[in-house]
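Here the structure is laid out as structure tokens; the discussion comes afterwards.
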Amino acid sequence: MKDEKKAPKLRFKGFTDDWEQRKLGDVCEPITDSIDTQKYPNEVFAEYSMPAFDASMKPDIVLGSSMNSVRKIITRPCLLVNKLNVRKKRIWYVKKPNKNAVCSAEFIPLYSDTVDLTFLNQVAKSETFTRYLENHSSGSSNSQKRITPRSFDVTPKIGTI
């Protein structure tokens, strides 16, 4: 007899197995490759940033000279999780990154070869996930609290989903 705690109520055609809980760090990893765009002042980049997210959820097309800090290089589908004021749920699913795509340090970029990022995007926007991030944020005031890769603890674990 199946353990009722693991058997989901909603079943999709072709899926018969029990649910399995996994830690986020077991199914995805942070993107760590970075670039100092100042070294490429005339190069055109697609910048995934908070202002771009808030304005249109489309990356800004900018010159390397316009960015004043190191950026993460985005070469594959990923989920960008906002670090500052996590209550706002600025979760950006980048299905197909633009050419020369980079993201600002305002995000923690995550990728996965084992979990569908569409699913992970929905999990990351849930209240449970937001509460987890809030509980692992640090800072002097609510508007300045932030998570860090360490507080996010992507590797080896971050709680279960």
Please report the shortest heavy-atom distance between [X] and [Y], naming the atom on each side.
X      : Y      : answer
Ser112 : Val115 : OG-N, 2.9 Å
Lys125 : Ile91  : CE-O, 3.7 Å
Cys28  : Leu120 : SG-CD2, 4.2 Å
Asn68  : Ser65  : OD1-O, 4.3 Å
Pro59  : Ala52  : CA-CB, 4.3 Å
Ala124 : Thr130 : O-OG1, 4.3 Å

Quick one: does [X]'s side chain get under 4.5 Å of [Y]'s, heavy atoms only?
X      : Y     : value
Asn100 : Tyr40 : no
Asn98  : Tyr48 : yes
Glu106 : Asn82 : no

Where the side chain of [X] meets the backbone of [Y], is there a donor-acceptor pair that is under 3.5 Å apart?
X      : Y      : result
Lys83  : Ile108 : no
Glu29  : Tyr111 : no
Ser49  : Ser104 : no
Asn121 : Leu117 : no

Check whether [X] and [Y] end up in the same hydrophobic cluster, where Ile, Leu, Val, Met, Phe, Trp and Tyr are linked by side-chain heavy atoms less than 4.5 Å apart.
X      : Y      : result
Met67  : Ile35  : yes
Phe119 : Leu110 : yes
Val102 : Val44  : no
Val27  : Tyr93  : yes

## Note on the structure
Residues passing the salt bridge (Lys or Arg N to Asp or Glu O under 4.0 Å) test with Glu134, sequence neighbours excluded, are Arg87
### Message
Checking Asn42 now: which residues fulfil side-chain hydrogen bond (donor to acceptor under 3.5 Å, both in side chains) with it, not counting sequence neighbours?
### Response
none
## Note on the structure
When rounded to the nearest 0.5 Å, the distance separating CE of Met50 from CH2 of Trp92 is 9.5 Å
### Summary
Distance col, row Phe45:CZ vs Cys103:SG, nearest 0.5 angstrom, shows 13.0 Å
List the atom pairs, with distances to 0.1 Å, where a side-chain N or O of residues 69-80 and a protein N or O form a donor-acceptor pair under 3.5 Å, not counting sequence neighbours.
unit_1, atom_1, unit_2, atom_2, d
Ser69, OG, Arg71, NH1, 2.5
Arg71, NE, Glu47, OE2, 2.9
Arg71, NH1, Ser69, O, 3.2
Arg71, NH2, Glu47, OE2, 2.7
Arg76, NH2, Asp113, OD1, 2.7

